[in-house]
Amino acid sequence: MSHIQTDCLIIGTGLAGCSVAYELSKHGYDILMITRAKQPEDSATLWAQGGIVFKNDLKDPEALGHDIFDAGGKIGNPKSIDILIREGPALVKKVLIDELQIAFDKNENGELELTEEAAHSLPRILHFGDATGEIIEKTFLNYLKEKPNITILTSHTAIDLLTLSHHSTNPADVYETSRCTGAYIYDHENHQIKTILAKETILATGGLGQLYLHTTNPKGSRGDGLAMAYRTGARIMNLEYIQFHPTALYQKSNDRFLISEAVRGEGAKILNSSGETFMKRYDPRAELAPRDIVSRALHDEMLKEGSTCMYLDISHKDGNWIRSRFPSIYSKCLSLGIDMTKEPIPVVPAAHYSCGGVYVDDRGNTTVKNLKAVGEVSCTGIHGGNRLASTSLLEDLVWGIRAGQDLGSKLSKKTYQMPNVLHWEAATEAVEKELLAQDWMTIKHTMWNYVGLIRTPKRLERAQRIL
């Protein structure tokens, strides 16, 4: 088992992890980023279609804070929301627009084009067609790859976080304060476990949508980071607040391609199988109601009709405009025989975002020393019980930069805490893939049917018994 030492280990290569690396790279520290994917850009950020919250100077800037708080069921963390609205737009301008020079869409006057999405009171969202996350992710990674002090390892999966109490060969270390000193990492290509010792470890592992039968999340979103943090004893909170996106493309396979909220923001209507609109019956904001309301409305209508999906229709708009505004969605639908310029798109709700996670403070610190968390794996409290559209990328950027700034002045003073680590003992029993597949299907169906859009004490008790 090989040992590697680094100043900072970042587990995850999405926008949150990249933002930490960006800020830390200014200080010359050795930074090691790892991802389970074969390509570093393969993260949840890559699939973020709608955009990133910016600002609308024509209105009260406090309106954004009100929208976030209201969409979250009025249970969000006011302090964190205030940080986001005060620092977020300036960081978008400084980092993404000025330094990385990301070419967000502009209007005919050459000004940044702002769009509106559900539960926003006014247009304030920057976008790059319907592939905003992709352009941010790839541009950011290209920037980081040029930095000599940053190493990115692909096809490496984090197995467990190293802590003094669990992994030190010195029995007396069990009495020390809970502290993270790195992680065990599995190298897919060489089939070996590597021990990474780090002065600071950053969890940027994303969400947990793959625990559900229907999800918009990438394959790696299994809650790995959350589980590792839980095993260290880190505080976990608000996990009951799973956001379901109302419009995932319905197809025979279980793959659920996200149909961006921006489609509804641009005027799309939701129809039932009879071609009738129905959202006004559930909320006066209709298609622009918060995601949780729209998702439950679709779920209720599908139950009433006994149908497998609802329909999203933007075909009343000009076809050339649709193809220009939503090129990725248009191409995906067309590949499945659906021409969104002429017909509605079949859609269903799907698990989309974990509003809870590993508790962190305003600098990304968890309750375990030398362990930070940023992005969807963390819980800053911003989202409360339901995330406002296009705030996730902004949170990634703001808390990633804040975590990097916090470490910038401290990392040089830290030392490796655990020179002698327990040797990893590999299992000798062969894995039966069929049994593993069955276990996964049991988990996915249980979570979807009993811990999904509709929850009752009876359903939750049944889920607990099964799991």
Side-chain angles (χ1 to χ4, degrees), residues 1-2 4 6 8-22 25 30-49 100 131-161 182-196 198 201-211 215-228 253-258 328 331-332 335 352 374-377 392-393 396 400 424 426 431 433 436-437 440 444:
M1 182 171 65
S2 58
I4 300 172
T6 185
C8 183
L9 169 63
I10 301 175
I11 305 174
T13 52
L15 176 57
C18 285
S19 297
V20 179
Y22 161 86
S25 67
D30 289 329
I31 302 164
L32 177 61
M33 304 180 73
I34 71 158
T35 173
R36 55 164 288 283
K38 291 183 179 180
Q39 302 297 327
E41 65 269 19
D42 185 5
S43 67
T45 299
L46 187 74
W47 300 104
Q49 297 172 347
L100 298 184
T132 309
E134 180 178 357
I135 191 67
I136 292 174
E137 175 74 2
K138 290 183 176 179
T139 304
F140 227 133
L141 281 170
N142 286 336
Y143 174 90
L144 296 179
K145 287 174 182 176
E146 297 298 318
K147 302 296 180 183
N149 57 326
I150 297 178
T151 301
I152 301 176
L153 294 180
T154 58
S155 298
H156 280 68
T157 296
I159 296 174
D160 209 10
L161 296 174
Y184 288 129
I185 307 295
Y186 176 63
D187 179 344
H188 297 205
E189 295 180 358
N190 296 308
H191 304 290
Q192 64 172 322
I193 304 298
K194 297 177 179 177
T195 299
I196 312 292
T201 301
I202 314 289
L203 284 176
T205 52
L208 46 72
Q210 286 294 333
L211 299 183
T215 182
T216 61
N217 289 184
K219 297 296 184 185
S221 297
R222 304 170 300 218
D224 292 11
L226 200 61
M228 290 188 291
S253 72
N254 277 337
D255 292 334
R256 295 286 174 255
F257 181 80
L258 176 66
S328 300
S331 297
K332 177 65 175 182
S335 72
H352 185 60
V374 290
E376 189 174 354
V377 70
S392 55
L393 292 180
D396 289 345
W424 176 269
V431 175
K433 294 183 179 180
L436 189 60
W440 263 116
K444 287 173 176 283

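Keep in mind the model is a prediction, meaning the values are calculated, not measured. Only this structure's heavy atoms are used, side chains among them; waters, hydrogens and symmetry mates stay out.
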Glu189 side chain to Ser155 main-chain N or O, any donor-acceptor pair under 3.5 Å? no
For Thr45 and Glu137, indicate whether the former's side chain and the latter's backbone hold a donor-acceptor pair under 3.5 Å. no
Which residues pass the side-chain contact (heavy atoms from CB on, under 4.5 Å) test with Lys138, sequence neighbours left out? Glu41, Leu46, Glu134
Nearest 0.5 Å, please: how far is CG in Leu9 from CG in Leu203? 9.0 Å
Going by the angle between their ring planes, with limits at 30° and 60°, are Tyr143 and Tyr22 parallel, tilted or perpendicular? tilted
Is there a side-chain contact between Gln192 and Tyr186 in this structure, where contact means two heavy atoms from C-beta onward sitting under 4.5 Å apart? no
Quick one: does any side-chain atom of Lys444 pair with a main-chain N or O of Gln210 as donor and acceptor, under 3.5 Å? yes
Atom CD in Glu376, atom OG1 in Thr205: separation rounded to 0.5 Å? 9.0 Å
Which atom pair, heavy atoms only, marks the closest approach of His156 to Leu153? ND1-CB, 3.8 Å
Rounded at 0.5 Å granularity, tell me how far CG in Leu144 sits from OG in Ser25. 6.5 Å
For Asp396 and Gly375, which heavy atoms make the closest approach, and how far apart are they? OD1-CA, 3.2 Å
Does any part of the side chain of Ile152, heavy atoms only, come nearer than 4.5 Å to the side chain of Leu141, both counted from C-beta? yes
Counting only N and O atoms by type, is there a donor-acceptor contact under 3.5 Å from the side chain of Ser331 to the main-chain atoms of Ser328? no
Check: Lys219 and Arg36 side chains under 4.5 Å, non-hydrogen atoms: yes
Under 3.5 Å, is there a donor-acceptor pair between the side chain of Asp187 and the main chain of Ile193? no
Are the side chain of Thr195 and the backbone N or O of Tyr184 linked by a donor-acceptor pair below 3.5 Å? no
Which of Ile150, Ile185, Ile11, Thr151 passes side-chain contact (heavy atoms from CB on, under 4.5 Å) with Leu32? Answer is Thr151
What verdict does the side-chain contact (heavy atoms from CB on, under 4.5 Å) test give for Trp47 and Thr216, after you've listed the backbone C-alpha separation in whole Å, the side-chain angles of each residue and the deciding distance to 0.1 Å? CA-CA 9 Å; Trp47 300 104; Thr216 61; over 6 Å; no
Might you work through the side-chain contact (heavy atoms from CB on, under 4.5 Å) test for Asp42 and Thr35, ending with a clear yes or no? CA-CA 9 Å; Asp42 185 5; Thr35 173; over 6 Å; no
Is Thr6 reaching over with its side chain to a backbone N or O of Asp30, donor-acceptor style, under 3.5 angstrom? yes
Contacts of Thr139 that satisfy side-chain contact (heavy atoms from CB on, under 4.5 Å) - sequence neighbours left out: Leu100, Ile102, Ile135
